[in-house]
Q: 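I have a structure here, written as C-alpha cells, and I will follow up with some questions on it.
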Amino acid sequence: QVQLVESGGGLVQAGGSLKLACAASGRTASMYTMGWFRQAPGKEREFVAAVSWSGGRTNYADSVNGRFTISRDNAKNTVYLQMNSLKPEDTAVYYCAASLQIRASALREYHYWGQGTQVSVSS
C-alpha cells in the first residue's frame, strides 16, 4: 500500500547534527500525516515529531522541541528530520511512519512504517 524508506542515519558526536530522510511510495495520496518515532535499547517506541502533508502543521515531543525540525517536500514525497545539538540520549533507531489521521501523534494512529535507521550519538 505505502512503502517508507529511511536514510541518513549514522554516528555523530554530541552537539553535532544529522539529517534523516524518508521517501514514500505507493498509495501516497491516502497519507495525511507523516511522523518520526524512535526506539532506544530497552525502551518503548516513542513519538518524536509529525507534520501534516498538505498544511505543513508540525508537532514535536518536548524532549526534542527546539533542537529537531521536521519538514516535507511534496514534489519528492519525502519527509526530513533535521536533528541539531544531538545528545547521547538521542541514540536510537529512528522510524518513519505514515498516518491516515489528521495531526496524528499517537503510535496507534500510524498505519505504515519504515524499517528504521540507526542514529548513534557519542560523548
Side-chain angles (χ1 to χ4, degrees):
Q1 304 298 303
V2 175
Q3 184 181 30
L4 305 174
V5 180
E6 303 97 334
S7 62
L11 176 64
V12 65
Q13 296 180 17
S17 298
L18 203 61
K19 188 174 184 178
L20 306 182
C22 173
S25 60
R27 296 184 179 180
T28 57
S30 64
M31 302 185 305
Y32 291 94
T33 306
M34 299 295 295
W36 286 97
F37 291 77
R38 67 186 183 185
Q39 187 166 21
K43 300 289 186 65
E44 295 183 349
R45 192 169 301 186
E46 65 175 348
F47 172 79
V48 175
V51 61
S52 61
W53 193 254
S54 297
R57 194 165 184 164
T58 60
N59 187 29
Y60 297 93
D62 291 340
S63 59
V64 305
N65 193 27
R67 299 188 297 123
F68 291 10
T69 302
I70 188 171
S71 61
R72 83 269 193 264
D73 186 332
N74 299 79
K76 296 181 179 180
N77 278 335
T78 301
V79 178
Y80 304 92
L81 184 67
Q82 178 67 50
M83 303 183 292
N84 298 325
S85 301
L86 283 163
K87 307 174 181 179
E89 306 93 271
D90 295 318
T91 296
V93 176
Y94 283 71
Y95 297 90
C96 177
S99 176
L100 278 62
Q101 301 289 322
I102 299 177
R103 292 186 291 276
S105 60
L107 189 150
R108 66 175 182 83
E109 296 176 321
Y110 286 81
H111 306 88
Y112 303 101
W113 296 84
Q115 293 296 314
T117 184
Q118 177 70 49
V119 172
S120 299
V121 184
S122 63
S123 60

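For the numbers below, each heavy atom of this structure counts, side chains included, while hydrogens, waters and symmetry mates do not.
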Q: Using modelled atom types and a 3.5 Å cut-off, is there a donor and acceptor pairing between side-chain atoms of T78 and backbone atoms of K76?
A: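 Indeed, once roles are kept as given, a pair shorter than 3.5 Å links the two residues.
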Q: Applying side chain to side chain contact (heavy atoms under 4.5 Å, CB included) to Y94 and M83, what does each step give before you reach the verdict?
A: CA-CA 12 Å; Y94 283 71; M83 303 183 292; 3.9 Å; yes
Q: When rounded to the nearest 0.5 angstrom, what distance separates CG in L100 from OH in Y110?
A: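 The distance works out to 11.5 Å.
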Q: Can you tell me if I102 has over 12 outside heavy atoms packed within less than 6.0 Å of its CD1?
A: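 No.
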Q: What verdict does the side chain to side chain contact (heavy atoms under 4.5 Å, CB included) test give for V2 and S30, after you've listed the backbone C-alpha separation in whole Å, the side-chain angles of each residue and the deciding distance to 0.1 Å?
A: CA-CA 9 Å; V2 175; S30 64; 4.3 Å; yes
Q: Extract all donor-acceptor atom pairs below 3.5 Å that involve side chains of residues 52-64 and protein atoms in other chains or at least two apart in sequence.
A:
| residue | atom | partner | partner atom | Å |
| --- | --- | --- | --- | --- |
| S52 | OG | G56 | N | 3.1 |
| S52 | OG | R57 | N | 2.8 |
| Y60 | OH | I70 | N | 2.9 |

Q: Do side-chain atoms of Q3 reach the backbone of A24 as a donor and acceptor pair under 3.5 angstrom?
A: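 Looks like no, no N/O pair under 3.5 Å.
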Q: How close do E109 and Q101 get, counting heavy atoms only, and between which atoms?
A: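 Closest heavy-atom pair between E109 and Q101: O-CG, 4.1 Å.
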Q: The test is side chain to side chain contact (heavy atoms under 4.5 Å, CB included); show your working for V119 and L18 and say whether it passes.
A: CA-CA 9 Å; V119 172; L18 203 61; 4.0 Å; yes
Q: Treat each ILVMFWY residue as a node, draw an edge where side-chain heavy atoms are under 4.5 Å apart, and state whether F68 and W36 are in one component.
A: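 In one cluster: yes.
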Q: Roughly how far, to the nearest 0.5 Å, is CE of M34 from SG of C96?
A: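 Between C96 SG and M34 CE, I get 3.5 Å after rounding to 0.5 Å.
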Q: Between the side chains of S17 and N84, does any donor sit under 3.5 Å from an acceptor?
A: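 The answer is yes; a qualifying pair exists.
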Q: Would you please indicate yes or no on a ring centroid separation below 6.0 angstrom for W113 and F37?
A: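 They qualify: ring centres under 6.0 Å apart.
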Q: Please check if L4 and V48 belong to a single hydrophobic cluster, counting links between Ile, Leu, Val, Met, Phe, Trp and Tyr side chain heavy atoms closer than 4.5 Å.
A: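 They do share one cluster, since a chain of ILVMFWY contacts under 4.5 Å joins L4 to V48.
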Q: Going from OG on S123 to CG on L86, what distance comes out if it is rounded to the nearest 0.5 angstrom?
A: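 Nearest 0.5 Å value for the OG-CG distance: 13.0 Å.
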Q: Measure the spacing between CD of Q1 and CZ of R27 and express it to the nearest 0.5 Å.
A: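 Q1 atom CD to R27 atom CZ measures 4.0 Å (nearest 0.5 Å).
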Q: Among residues at least two apart in sequence or on other chains, which ones pass salt bridge (Lys or Arg N to Asp or Glu O under 4.0 Å) with R67?
A: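 Partners of R67 by the salt bridge (Lys or Arg N to Asp or Glu O under 4.0 Å) criterion, ordered by chain and then number, come out as D90.
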Q: Does the side chain of L81 come within less than 4.5 Å of T69's, by heavy atoms?
A: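 Result no, sub-4.5 Å side-chain heavy-atom pair not found.
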Q: Do Q13 side-chain atoms and S122 backbone N/O form a donor-acceptor pair below 3.5 Å?
A: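 Not a single qualifying donor-acceptor pair exists.
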Q: Examine Y112 and L20 and state if one hydrophobic cluster contains both, with Ile, Leu, Val, Met, Phe, Trp and Tyr joined whenever side-chain heavy atoms are less than 4.5 Å apart.
A: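 Shared cluster, yes.
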Q: Are the side chains of H111 and S99 in contact, using a 4.5 Å heavy-atom criterion?
A: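 In contact.
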Q: Output, in order, the C-alpha distance, side-chain angles, deciding distance and verdict of side chain to side chain contact (heavy atoms under 4.5 Å, CB included) for T91 and Q118.
A: CA-CA 8 Å; T91 296; Q118 177 70 49; 4.0 Å; yes
Q: Are R45 and Y95 in a cation-pi contact, defined as NZ or CZ under 6.0 Å from the six-membered ring centre and within 45° of the axis?
A: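 So R45 does make the cation-pi contact.
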Q: Just wondering, do V51 and V79 contact through their side chains at under 4.5 Å, heavy atoms?
A: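 Yes, their side chains come closer than 4.5 Å.
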